[in-house]
Amino acid sequence: MARVLITSALPYINGIKHLGNLVGSQLPADLYARYCRARGHEVMFICATDEHGTPAELAAAKAGQPVAQYCAEMHQVQADLARGFGLSFDHFGRSSSARNHALTQALAARLGAAGLIQEVAEKQVYSHADGRFLPDRYIEGTCPNCGYERARGDQCENCTKQLDPTDLINPRSAVSGSTDLEVRETRHLYLRQSLMREKLDQWIDSQRGWPLLTTSIARKWLHDGDGLQDRGITRDLDWGVPVQFDGAPWGGMEGKVFYVWFDAPIEYIAATAEWADANGLDDAAWRRWWRTDEGAQDVRYVQFMGKDNVPFHTLSFPATLMGSGEPWKLVDYIKSFNYLNYDGGQFSTSQGRGVFMDTALELLPADYWRWWLLSHAPENSDAEFTWENFQVSVNKDLADVLGNLVSRVTKFCRSKFGETVPEGGEHGPREAQLMADLTARLRAYEAQMEAMEIRKSAGELRALWVLGNEYLQEAAPWATYKSDPDRAAMQIRLALNLIRFYAVVSRPFIPDAARAVMAAMGCDDWSWPDDVAMALGTLPAGHGFTTPEVLFAKITDAQRGEWEACFAGPR
RNA sequence: GGGCCUGUAGCUCAAUUGGUUAGAGCAGAGCGCUCAUAACGCUUUGGUUGGGGGUUCGAGUCCCUCCGGGCCUACCA
């Protein structure tokens with residue numbers, strides 16, 4: 001028994017996430033959390049909505065709502081969708097919480113006292129019409145390089161030239177279109193990451209077995225050019241954690257808030273505190289997960305995220321925690337993912353391209369999506385979702401291999417012995433062989449899960465299911481029933497136990513179906529099959545069960561065609 | 001422009017870090033079974049590992065080069 005702290009990158013608040021977002025962090029994190037719990041480990045699985053920043057404010061404005069209300073509503077929407085997908089967070093928090101405000105300010109104060117924060121005066125574009133400072137990418141104008149008229153202030157997407165907003169010809173606000181812009185001087189706080197480069201570099205070097213994607217991105221930022229750059233951690237916005245607070249080691253920062261990438265990872269900790277609050281527990285309850293001087297020294301901390309989040313988690317957040325001089329728990333393993341593409345292009349939140357979490361659940365049960373996404377997780381390179389691949393994989397793996405196995409066993413038993421685990425007969429060599437095969441495969445499955453090799457884990461699980469079909473084919477209880485009914489009874493008794501076994505080991509991937517199968521078996525024993533032979537004796541002769549309805553209905557060609565057409569363009 | 005990742009059977013992916021004859025699943029072909037969601041099982045056809053060159057007893061794996069895909073980023077390795 002170990003203690004495992006698991007965090008998923010925080011989904012941004014400004015809308016419903018697509019399947020690419022889901023498979024990049026929350027879903028694999030959930031798989032791992034469920035597996036760890038199934039193995040009897042003590043798990044704290046944390047996620048939250050990332051609610052600060054300009055896009056949130058603009059999305060709220062577009063929806064005609066105060067930003068606080070907009071975020072509260074969208075948080076609820078995302079929480080409901082997470083539940084719909086079976087994401088088993090111990091707590092799904094909000095980066096706008098009072099806990100995060102307090103913790104972000106406290107950490108910033110520590111960093112300031114340690115000399116790791118610097119005030120920098122810089123020039124930013126202010127829009128009078130919008131009444132706000134505009135981030136570079138919200139300023140549009142004509143590209144001085146190629147003449148493209150809709151170049152953004154950070155980069156021209158036509159000629160790819162990197163730009164400064166002041167380079168643009170005829171600049172205007174992308175929010176309102178106003179040309180009433182002004183370059184103003186404003187002061188901001190910078191996190192002096194550059195001072196911690198050596199320490200971070202050694203820390204990264206000391207990690208073993210991290211995905212190449214994780215370490216290569218971290219090293220790129222550490223060693224590229226002049227090395228790790230200091231980064232601004234504040235912005236001129238209203239919505240966020242105020243930079244000026246009682247006890248702050250700086251003055252004159254009224255009207256500014258911390259920038260999202262600074263406060264968002266801190267929310268991992270704050271959300272754990274929110275969890276304690278929500279459960280009526282004291283501070284010690286959450287601090288034993290996060291403070292190595294208060295119980296977290298034996299915690300294993302694993303983070304899941306898409307590759308775009310790697311720099312913040314390998315460098316900025318560790319710099320924040322290390323720089324505080326306090327004994328905060330640092331991450332032990334960072335599992336990062338590439339992108340999932342949609343049918344030849346990218347999923348796009350802004351363009352509404354691809355399948356989003358809400359519509360996905362309207363089409364099919366969560367387990368269909370969970371299985372396909374996890375068994376095709378973009379671990380080593382970008383992966384691609386196509387409707388055809390989805391249909392073929394799901395029908396074959398879930399409906400044919402697993403669902404049909406449950407069906408053939410239960411229906412055969414019902415017709416020959418009734419809905420009761422049959423009595424009689426003794427295991428023979430073929431049964432011993434099955435146990436041995438199952439044990440070998442199960443150990444391989446466990447090893448892949450522990451290594452967080454998602455695709456390979458799915459492959460091993462599927463191989464476990466296949467063993468059941470192979471056994472049934474060879475044992476042929478429909479034939480032995482005629483010559484030796486006791487033997488058929490033994491075979492079916494084993495097969496029924498096998499179904500329960502599958503419910504247990506499959507639950508991390510397909511929790512809803514697993515629950516349905518377990519319920520049909522009239523059982524609630526989810527103990528992990530450390531000893532396979534013993535596990536396959538759980539349901540005794542005489543135990544009643546019910547024959548489940550079709551576990552996974554197949555996706556028809558008609559459905560696929562319809563969905564293909566329906567999702568071809570922006571929704 | 002620079003850096004990193006990547007290119008393996010029609011499709012989706014493996015290959016214990018240089019070590020026998022490059023393996024799985026799906027799709028295709030054949031056979032078997034009939035309990036089952038026309039499901040399952042067995043057998044089987046597919047690869048000059050993007051092209052070319054090199055190092056080595058030995059290269060999918062290392063080096064060079066060209067071609068293609070992706071990500072990150074800025075006058076710097």
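Quick note on labels: first sequence line is chain A, next is B, and so on, each numbered from 1.
When the P atom is compared between B:A59 and B:G19, the two are found 11 Å apart, to the nearest whole Å. B:G1 and B:U61 have their C1' atoms separated by 30 Å, with the value rounded to a whole Å. If you take atom C1' in B:C62 and the same atom in B:U49, they sit 16 Å apart, rounded to whole Å. Remark: the separation of the P atoms in B:U21 and B:A38 is 45 Å, to the nearest Å. Nucleotides B:G47 and B:A24, compared at atom P, are 16 Å apart to the nearest Å. Rounded to a whole angstrom, the distance from the P atom of B:A14 to that of B:G28 is 24 Å. Nucleotides B:G68 and B:A74 are separated by 25 Å at their C1' atoms, to the nearest Å.
The base of B:A39 is not paired with the side chain of A:N404 by any donor and acceptor separated by under 3.5 Å.
Listed candidates were B:C40, B:U12, B:A14. Nearest to the side chain of A:H376 is B:U12. Of the candidate nucleotides B:C71, B:C42, B:A27, B:A27 has the atom lying nearest to any side-chain atom of A:K396. For A:N389, the listed nucleotide lying nearest its side chain is B:U12; candidates were B:A36, B:C71, B:U12. For A:A383, the side-chain atoms get nearest to B:C13 when compared with the rest of B:A39, B:C72, B:C13. Side chain of A:W478, nearest nucleotide from B:G41, B:C13, B:C33: B:C33. Closest approach to the A:Q473 side chain among B:A27, B:G32, B:U12 is made by B:G32 (side chain taken as heavy atoms from C-beta onward).
The CD-P distance, from A:E379 to B:A15, rounds to 11 Å in whole Å. Counting to the nearest Å, the C1' atom of B:G70 and the CZ atom of A:F337 are 18 Å from each other. Distance A:E388 CD to B:A27 C1': 9 Å, rounded to the nearest Å. One interatomic measurement links the two molecules: CG of A:L398 to C1' of B:G25, which rounds to 14 Å at whole-angstrom precision. Atoms CG (A:N395) and P (B:G25) sit 18 Å apart, rounded to a whole Å.
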Apply side chain to side chain contact (heavy atoms under 4.5 Å, CB included) to A:L10 and A:Y268, showing your working.
-> CA-CA 9 Å; A:L10 308 188; A:Y268 293 144; 3.6 Å; yes
Audit row: A:L213, A:E379, side chain to side chain contact (heavy atoms under 4.5 Å, CB included) steps and yes/no:
CA-CA 9 Å; A:L213 186 63; A:E379 291 177 291; over 6 Å; no
Check your understanding: Under the side chain to side chain contact (heavy atoms under 4.5 Å, CB included) criterion, do A:T320 and A:F262 qualify, and how do the steps go?
Key -> CA-CA 8 Å; A:T320 299; A:F262 183 73; 3.7 Å; yes
Practice item. Give the intermediate values and the outcome of side chain to side chain contact (heavy atoms under 4.5 Å, CB included) for residues A:K335 and A:Y32. Key: CA-CA 11 Å; A:K335 177 73 179 177; A:Y32 188 63; over 6 Å; no
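Using a cutoff of 4.0 Å between basic side-chain nitrogens and carboxylate oxygens, A:D397 and A:R462 are scored as salt-bridged. The pair A:E460-A:K456 does not count as a salt bridge, with every side-chain nitrogen at least 4.0 angstrom from each carboxylate oxygen.
Screening A:Y471, A:Y445, A:W371 against A:W465 for a ring-ring contact (aromatic ring centres under 6.0 Å, His included) leaves a single residue, A:W371. Tested against A:F390 for a ring-ring contact (aromatic ring centres under 6.0 Å, His included), the candidates A:W369, A:Y342, A:Y368 yield a single pass: A:W369.
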Symbol by symbol from the 5' end, with Watson-Crick or G-U pairs under 3.5 Å, [ ] crossing and | another strand, RNA chain B is (((((((..((((.....[...)))).(((((.......))))).....(((((..]....))))))))))))....
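Contact annotation for A:R455: backbone-only contact, meaning every heavy-atom pair under 4.0 Å involves sugar-phosphate atoms and none involves a base. Among the atoms of the strands shown, none is found under 4.0 Å from any heavy atom of A:I492. Among the protein residues, A:V406 comes within range of no part of the nucleic acid, since none of its heavy atoms lies under 4.0 Å from any strand. Among the atoms of the strands shown, none is found under 4.0 Å from any heavy atom of A:Y481. Here A:K416 lies out of heavy-atom contact (under 4.0 Å) with every strand.
Side-chain contact of A:Q26 with A:N21: a donor-acceptor pair under 3.5 Å is absent, judged by distance alone. Remark: the A:R487 side chain and the A:T480 side chain contain no N/O donor-acceptor pair separated by less than 3.5 Å. Side chain to side chain, A:T546 and A:E419 fail the donor-acceptor criterion of an N or O pair below 3.5 Å.
Here A:F412 does not pack flat against the base of B:C35, since the 5.5 angstrom centre distance and 30 degree tilt limits are not both met.
An OP1 or OP2 oxygen of B:A15 is reached within less than 4.0 angstrom by a side-chain nitrogen or oxygen of A:K456.
RNA chain B is contacted by both A:R462 and A:K411; A:R462 maps to the nucleotide lying nearer its 5′ end (nearest heavy atom per residue). Nearest-nucleotide assignment on RNA chain B puts the 5′-proximal partner with A:V392, out of A:K307 and A:V392.
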Contact string for nucleotides 1-10 of chain B, one letter per nucleotide 5' to 3', B = base within protein heavy-atom range under 4.0 Å, S = sugar-phosphate only, - = neither, reads -B-SS-----
